[in-house]
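Atom set for the values below is all heavy atoms of this structure, side chains included, hydrogens, waters and symmetry mates excluded. Protein chains get the first letters and strands the later ones, always in sequence-line order, with residue 1 at the start of each.
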Number of protein chains: 2
Amino acid sequence: MITLAEENYLKAILKLSKNSENSISTNAIADELETKASSVTDMIKKLTDKQLVDYVPYRGVNLSKSGLNKAIEIVRKHRLWEVFLVTKLQFKWDEVHYIAEQLEHIKSQKLVDALDTYLGYPQHDPHGEPIPNKDGQFPKSFSKRLSELEKGSSGQVVGVSQDNQSFLQYLNSLKITLGTSIRVIQKIDFDNSLEITINNESAHISNDVARNLLIKQK
Amino acid sequence: MITLAEENYLKAILKLSKNSENSISTNAIADELETKASSVTDMIKKLTDKQLVDYVPYRGVNLSKSGLNKAIEIVRKHRLWEVFLVTKLQFKWDEVHYIAEQLEHIKSQKLVDALDTYLGYPQHDPHGEPIPNKDGQFPKSFSKRLSELEKGSSGQVVGVSQDNQSFLQYLNSLKITLGTSIRVIQKIDFDNSLEITINNESAHISNDVARNLLIKQK
DNA sequence: TTTAAAATTTAGGTAAATCTAAAAATTAAA
DNA sequence: TTTAATTTTTAGATTTACCTAAATTTTAAA
Ligand SMILES: [Mn+2]
Ligand SMILES: [Mn+2]
Ligand SMILES: [Mn+2]
Ligand SMILES: [Mn+2]
């Protein structure tokens with residue numbers, strides 16, 4: 001049996017793995033989960049015992065095959081529940097993450113599959129994040145991070161790679177949502193921030209924001 | 001903050017309170033939750049500290065006002081989720097209890113209310129059990145336990161006061177479901193079992209079963 | 001290449017929720 | 001009403017998931 005805390009660690013390690021080729025460090029996990037490095041070391045040992053991660057002391061961890069499957073299953077549940085909340089219960093995209101953090105731990109394979117069917121096998125959650133299918137495959141994506149776009153190029157927002165409330169509410173205030181057209185006007189070398197237009201209105205955003213906006217170019 | 005274990009204790013005490021005027025004993029709670037009496041004593045102390053129950057050592061507990069509210073809220077969530085699973089996701093009535101045991105602990109007032117609206121404010125769950133409204137009021141019930149019916153009288157099954165899988169599957173095998181017509185043919189004094197007809201087919205059921213069948217007489 | 005800083009692990013501890021075994025209180029039986 | 005049985009509580013442990021502080025290892029700087 002896998003505990004709730006263990007599930008959260010696996011999910012965090014998967015998320016961090018998406019942004020790096022290397023093993024995931026203790027501190028990175030501690031930051032992600034807002035806990036202490038010593039707690040992470042403790043938990044990593046438990047996950048190692050259960051063969052959910054491969055661990056080399058002082059060198060970091062990687063998800064094992066079964067750990068990866070488990071992590072993908074949790075992400076699948078999280079995102080399907082977010083779709084449910086938005087499409088069926090009329091929640092806004094900035095209101096669902098916290099609740100999905102709880103719902104993702106409900107254990108019932110039949111429930112996940114029934115929910116998927118009920119929702120019509122969605123490929124993306126309300127934030128444009130890809131939903132793995134029953135076999136753990138993620139849909140192909142053709143998006144780039146806004147921070148990677150050249151000066152002068154443009155495209156539409158198809159996703160955000162973070163879904164915490166304060167980030168989404170900031171996007172709301174900028175009038176950025178899925179489908180919004182964005183053009184890069186200027187890239188500022190000093191801090192990697194960007195001058196952009198949002199549906200032809202100009203604005204200035206930090207690299208931190210640009211990195212979390214997924215753009216599909218025309 | 002109220003923990004998951006505390007919520008389960010409150011729900012158990014509410015359930016036991018429905019079948020007795022008196023304070024609820026430590027052993028009764030231990031039986032209901034399949035745990036040990038010493039664990040119950042420990043937990044009761046915590047609930048007492050939080051003023052969720054009134055407790056007299058060796059004499060049992062009762063829910064306090066706030067404990068009762070909390071317990072009703074959990075029952076409300078449990079039953080609404082059961083309705084969701086059956087009416088929206090096509091689950092059978094004997095498949096939902098275990099999953100609802102998990103879902104009842106999801107914390108979000110907005111979610112409960114949105115779910116209630118989405119389901120059309122149902123008054124009863126898939127087992128005929130009453131669903132308290134937003135204010136904690138249970139709908140009025142006009143049913144009796146089958147075990148309380150006189151010899152010769154009859155009625156329709158409108159609910160079951162237990163929803164564990166083995167009980168429901170036994171009912172399935174007897175061809176008893178919500179709406180089934182039952183008549184009491186004979187009451188056996190020796191063990192309080194009953195000779196009945198189920199849609200005019202005769203059968204013999206124990207008092208244990210009869211006590212958990214809710215009948216509405218014509 | 002030695003030293004200082006940063007990252008990681010270990011040691012020792014806490015709180016929640018459980019357990020077994022023993023003690024104390026209540027209830028039922030003789 | 002005394003004794004025996006039953007119920008309940010207490011004492012002492014265990015497991016999970018955390019924490020702080022100290023020790024160790026790795027990395028970066030001088
Ligand atoms: Mn989310
Ligand atoms: Mn999301
Ligand atoms: Mn139930
Ligand atoms: Mn039910």
Side-chain angles (χ1 to χ4, degrees), chain A residues 1-13 16-17 19-63 67 70-71 74 101-102 104-107, chain B residues 1-13 16-17 19-63 67 70-71 74 101-102 104-107:
Chain A
M1 253 297 295
I2 186 162
T3 70
L4 188 142
E6 288 168 349
E7 290 191 342
N8 284 332
Y9 272 82
L10 294 179
K11 191 170 59 126
I13 297 168
L16 294 167
S17 299
N19 302 316
S20 91
E21 315 298 294
N22 313 313
S23 294
I24 306 308
S25 75
T26 302
N27 267 350
I29 297 169
D31 276 7
E32 175 66 26
L33 294 176
E34 296 181 84
T35 183
K36 298 299 155 81
S38 56
S39 304
V40 174
T41 303
D42 269 4
M43 181 58 87
I44 283 172
K45 286 178 185 164
K46 291 177 201 159
L47 294 174
T48 304
D49 289 346
K50 295 190 176 187
Q51 308 195 55
L52 293 164
V53 298
D54 298 314
Y55 168 53
V56 182
Y58 294 100
R59 292 270 101 108
V61 286
N62 286 101
L63 291 173
K70 200 72 202 112
I74 300 160
E101 288 286 319
Q102 300 177 62
E104 71 190 5
H105 301 290
I106 302 294
K107 283 172 185 60
Chain B
M1 253 296 295
I2 185 162
T3 69
L4 186 144
E6 288 169 349
E7 290 192 343
N8 284 331
Y9 272 83
L10 294 179
K11 191 170 59 125
I13 297 168
L16 294 167
S17 300
N19 303 314
S20 93
E21 315 299 294
N22 312 313
S23 292
I24 306 307
S25 75
T26 302
N27 267 350
I29 297 168
D31 276 7
E32 176 66 26
L33 293 176
E34 297 181 84
T35 183
K36 297 299 153 81
S38 56
S39 304
V40 174
T41 303
D42 270 3
M43 181 57 88
I44 283 172
K45 287 177 185 164
K46 290 177 201 159
L47 295 173
T48 303
D49 289 345
K50 294 189 176 186
Q51 307 195 57
L52 294 164
V53 298
D54 298 313
Y55 167 52
V56 182
Y58 294 100
R59 292 270 101 108
V61 286
N62 285 101
L63 291 172
K70 201 71 202 114
I74 300 160
E101 288 287 318
Q102 300 177 61
E104 72 190 5
H105 301 291
I106 301 295
K107 284 173 184 60

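In this structure, the CG atom of Leu4(A) is 14 Å from the P atom of dA17(C), given to the nearest Å. Residue Asp31(B) contributes atom CG, which lies 10 Å from atom P of dT8(D) at whole-angstrom precision. To the nearest angstrom, C1' of dA17(C) lies 15 Å from CE of Met1(B). Leu33(A) has its CG atom 8 Å from the P atom of dC18(D), to the nearest Å. Note: CG (Leu47(B)) to C1' (dT9(D)) measures 16 Å, nearest angstrom. Here dA17(C) presents its C1' atom at 15 Å from CG of Leu10(B), a figure rounded to the nearest Å. Atom OH of Tyr58(B) and atom C1' of dA5(D) are 15 Å apart (whole Å). Counting to the nearest Å, the P atom of dA17(D) and the CD atom of Glu34(A) are 18 Å from each other.
When side chains are defined from C-beta on, Tyr55(B) counts as touching Thr41(B), because their heavy atoms get closer than 4.5 Å. Residues Leu16(A) and Ser20(A) fail the side-chain proximity criterion, which asks for heavy atoms closer than 4.5 Å. Using a 4.5 Å heavy-atom threshold, the side chains of Ile2(B) and Leu52(B) count as touching. At least one side-chain heavy atom of Val61(A) sits less than 4.5 Å from a side-chain heavy atom of Ile29(A). The closest side-chain heavy-atom distance from Leu10(B) to Val53(B) is below 4.5 Å.
Note on Tyr55(A): a side-chain N or O is less than 4.0 Å away from OP1 or OP2 of dT9(C). Phosphate proximity of dT9(D) to Arg59(B): absent, as no side-chain N or O sits under 4.0 Å from OP1 or OP2.
A distance of 10.5 Å separates CD1 in Ile13(A) from CD in Glu32(A), rounded to the nearest 0.5 Å.
Only Thr35(A), Lys36(A), Ser38(A), Ser39(A), Asp42(A), Met43(A), Lys46(A), listed by number, bring a heavy atom of residues 35-46 of chain A to less than 4.0 angstrom from any atom of DNA chain D. Using a 4.0 Å cut-off on heavy atoms, none of the residues of residues 21-28 of chain B approach DNA chain C.
Although no hydrogens or angles enter the test, the distance criterion places a donor-acceptor pair under 3.5 Å between the side chain of Lys50(B) and the main chain of Met1(B).
Shown here is Gln51(B), whose CD atom has no more than 12 heavy atoms of other residues, nucleotides or ligands within 6.0 Å.
Comparing Pro57(A) and Glu6(A) along DNA chain D, the residue whose closest nucleotide (by nearest heavy atom) sits nearer the 5' end is Glu6(A).
At a threshold of 4.0 Å, the pair Glu104(B)-Lys11(B) counts as salt-bridged, since one of the basic side-chain nitrogens sits closer than that to a carboxylate oxygen.
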